[in-house]
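Report on one structure; see the data block that follows.
Just so you know, residue 1 is the first one in the sequence shown, and it goes up from there.
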Amino acid sequence: MSEKRPESMQRINTPELAESFIAEQVAAIKAQVGGEKVLLALSGGVDSSVVAALLIKAIGKQLVCVHVNHGLLRKGEPEQVIEVFGKQLNANLVYVDATDRFLDKLAGVSDPETKRKIIGKEFIDVFAEEAKKQEGIKFLAQGTIYPDIVESDGVKAHHNVGGLPKELNFELVEPVKFLYKDEVRVVGKQLGLPDGMVYRQPFPGPGLGVRCVGAITRDRLEAVRESDAILREEFAAAGLEGKVWQYFTVVPPFTSTGIKDGKRTDDWMVIIRAVNSVDATSATIEEVPYALLNKIVKRIITEVKGVNRVAYDLSPKPVATIEFE
Ligand code: XMP
C-alpha cells in the first residue's frame, strides 16, 4: 500500500468529516481483519487511544489491547486507561504492571540514551511475552500517524526500539497513518474519548524516566510523579490545559540544603518547565503568572515528600532542549 497521503484527502477538521472518516475506517478494518484477532499496545496516548476506539467500534472484542505500565507513567494514567477502555468501552484489555521489572533493569543506569534503550527493549520484551500468551493473533494495530511516516520512515519518532521479534509475524493495521495530529484529535473527540486523553500534551515514550535525571531511584521518581500531578492540576484549574504546549517537572540527581522545624535538611529539588512550540524543534518559555507559580511552589514543597526547593526553568530551545536528557 502507498505510504503517501492521497492528495484528494480532505483535512479532517469538523465533526462531520471525522464521522465519515470513522465510518470508512470501520468498514476498512472489518474488510482487512475479518473474524481474526488484532493486538494493540495501548499506551493511553492520543494515537493509540484513537486506534483502540476505532478498532473497538469495528471489531469489538476481537481487539486485544495490552497496556504495559512501565512504572514511568504519570499519576492516574494506568487508572484512566482501565476506566475508559476496560470499563466504559468494555474492551478486551490486558493490564501488565511491569514496574519492578523496568526499575530493576534501570537501577544504576545514568546515561540518557542507555536508559531509553533499556526502556524500549524492555517494553518490546514485555509486549512480546503478552503477545505469545494470546492464541491465534494475526494482526497488529499501531498508532502510526502521518508525521511518523514522513519524518522517520514509519518508526514513531524517538522511540529507539528495535521492533517485535521475527517470530511474531503480524500484518499491520494502521487506520490513522495518513492523519496529522490535529486530525487524530478531531477523530478522537468524535469517538467520544475524554478531553484529557484527546487534548493531552506530548509525552515521551520513556515517560517520567527522562525527567528523573540520571540513575532513576524510586524516591526521586515519586517526587517527579507527584510534583507533575500538582503542576497539571494547577495548570488545569488556571485554564492553561490545552493552551501551553508542554509542561512538566524534573528532579535532578543532587540534593541541596533546606531548613525545616529549625533543622537543616538535605532534599531534592523540583524544576518546573513550561514551553510553547509548534513542532518541538524550537520552544519558547510560557510566561506563567507569578501568583500561580507561587501557589504551585508552595504546594510542591509542602505536599511532595523529600523536596525542599523548586525552580522555574527559563531556557528556550535552542540552546536548551525541551527535556533535560
Ligand atoms: P527535546 O528534549 O529533544 O524534545 O527538545 C522534543 C520533543 O520530543 C519529546 N521527546 C521524546 N519523545 N521519546 C519520545 O517519544 C523520547 O525519548 C523523547 N525525548 C524527547 C519531548 O517530550 C518533546 O516533546
Side-chain angles (χ1 to χ4, degrees), residues 70-79 99-100 102-104 106-112 114-115 119 201 203-204 206-241 243-276 283-317 319-325:
H70 51 25
L72 306 166
L73 297 171
R74 288 175 290 195
K75 191 171 178 173
E77 282 186 326
E79 292 81 0
T99 303
D100 288 340
F102 277 83
L103 295 187
D104 288 350
L106 286 163
V109 180
S110 56
D111 175 64
T114 311
K115 284 167 70 179
I119 296 166
Q201 45 170 327
F203 187 60
L208 301 180
V210 293
R211 297 172 182 172
C212 187
V213 181
I216 298 170
T217 57
R218 290 183 191 240
D219 62 337
R220 276 195 310 120
L221 183 59
E222 273 326 291
V224 178
R225 198 180 337 260
E226 291 300 323
S227 56
D228 171 78
I230 291 172
L231 180 72
R232 286 188 290 133
E233 200 179 302
E234 291 300 333
F235 267 39
L240 294 176
E241 191 180 38
K243 296 209 173 103
V244 181
W245 200 73
Q246 202 171 6
Y247 46 96
F248 54 88
T249 60
V250 173
V251 177
F254 55 82
T255 56
S256 72
T257 304
I259 184 136
K260 196 174 178 194
D261 304 327
K263 288 203 189 91
R264 284 165 81 84
T265 60
D266 185 34
D267 278 327
W268 304 117
M269 167 165 75
V270 166
I271 300 171
I272 298 173
R273 187 133 175 82
V275 299
N276 286 306
T284 56
I285 302 306
E286 171 71 15
E287 290 187 25
V288 182
Y290 184 76
L292 175 60
L293 270 182
N294 213 9
K295 187 172 175 208
I296 295 168
V297 171
K298 274 202 186 116
R299 280 197 62 192
I300 291 176
I301 50 179
T302 47
E303 293 174 35
V304 182
K305 212 169 145 232
V307 171
N308 64 3
R309 193 179 293 269
V310 181
Y312 186 61
D313 182 357
L314 288 171
S315 329
K317 176 180 181 176
V319 172
T321 51
I322 294 177
E323 302 290 347
F324 266 52
E325 61 174 38

For the student: nearest non-hydrogen atoms of Ala283 and Val275, plus distance: CB-CB, 4.0 Å
Side chain proximity check, Trp245 to Ile322, heavy atoms < 4.5 angstrom: yes
Sub-4.5 Å side-chain heavy-atom contact between Lys260 and Asn308: no
Heavy-atom donor-acceptor pair, Gln201 side chain to Tyr247 backbone, under 3.5 Å: yes
Point-to-point distance, once rounded to the nearest 0.5 Å, from OG1 of Thr217 to CH2 of Trp268: 5.5 Å
Test side-chain contact (heavy atoms from CB on, under 4.5 Å) applied to Phe235 and Lys243, step by step: CA-CA 10 Å; Phe235 267 39; Lys243 296 209 173 103; over 6 Å; no
Salt bridge (Lys or Arg N to Asp or Glu O under 4.0 Å) pairs, two or more places apart, involving residues 218-228: Lys75-Glu226, Asp100-Arg218, Asp104-Arg218, Glu222-Arg225, Asp228-Arg232
Exam field: side chain Lys115 to backbone Gly209, donor-acceptor pair closer than 3.5 Å: yes
Pairwise side-chain contact, Cys212 with Val251, heavy-atom cut-off 4.5 Å (strictly under): no
Pro78: partners by side chain to side chain contact (heavy atoms under 4.5 Å, CB included), with sequence neighbours left out: His67, Asn69, Leu73, Tyr95
Interatomic distance, Thr249 atom OG1 to Leu231 atom CG [nearest 0.5 angstrom]: 6.5 Å
Side-chain heavy-atom pair Arg74, Phe248 within 4.5 angstrom cut-off: no
Any pair counted as salt bridge (Lys or Arg N to Asp or Glu O under 4.0 Å), so long as it reaches residues 303-312, sequence neighbours left out: Arg299-Glu303
Criterion side-chain contact (heavy atoms from CB on, under 4.5 Å) on Phe102 and Ile216, from CA distance to verdict: CA-CA 10 Å; Phe102 277 83; Ile216 298 170; over 6 Å; no
Nearest heavy atoms of His70 and Pro206, plus distance in Å: NE2-C, 4.4 Å
Heavy-atom closest pair, residues Ala274 and Val288: CB-CG2, 4.3 Å
Residues in side chain to side chain donor-acceptor pair (under 3.5 Å) contact with Glu286, at least two apart in sequence or another chain: Asn276
pair Leu292-Leu240: side-chain heavy atoms closer than 4.5 Å: yes
Nearest-0.5 Å distance, CD1 of residue Ile230 to CD1 of residue Ile272: 9.5 Å
Nearest-0.5 Å distance that lies between atom OG1 in Thr99 and atom CG in Leu72: 8.0 Å
Non-hydrogen atoms of Pro252 and Met269 that approach each other most closely: CD-O, 3.1 Å
For Val304 against Ala223, the heavy-atom pair lying closest together: CG1-CA, 3.7 Å
With sequence neighbours excluded, residues passing side chain to side chain donor-acceptor pair (under 3.5 Å) with Thr321: none
Any residue meeting side chain to side chain donor-acceptor pair (under 3.5 Å) with Asp313, in chain and number order, not counting sequence neighbours: Arg273, Ser315
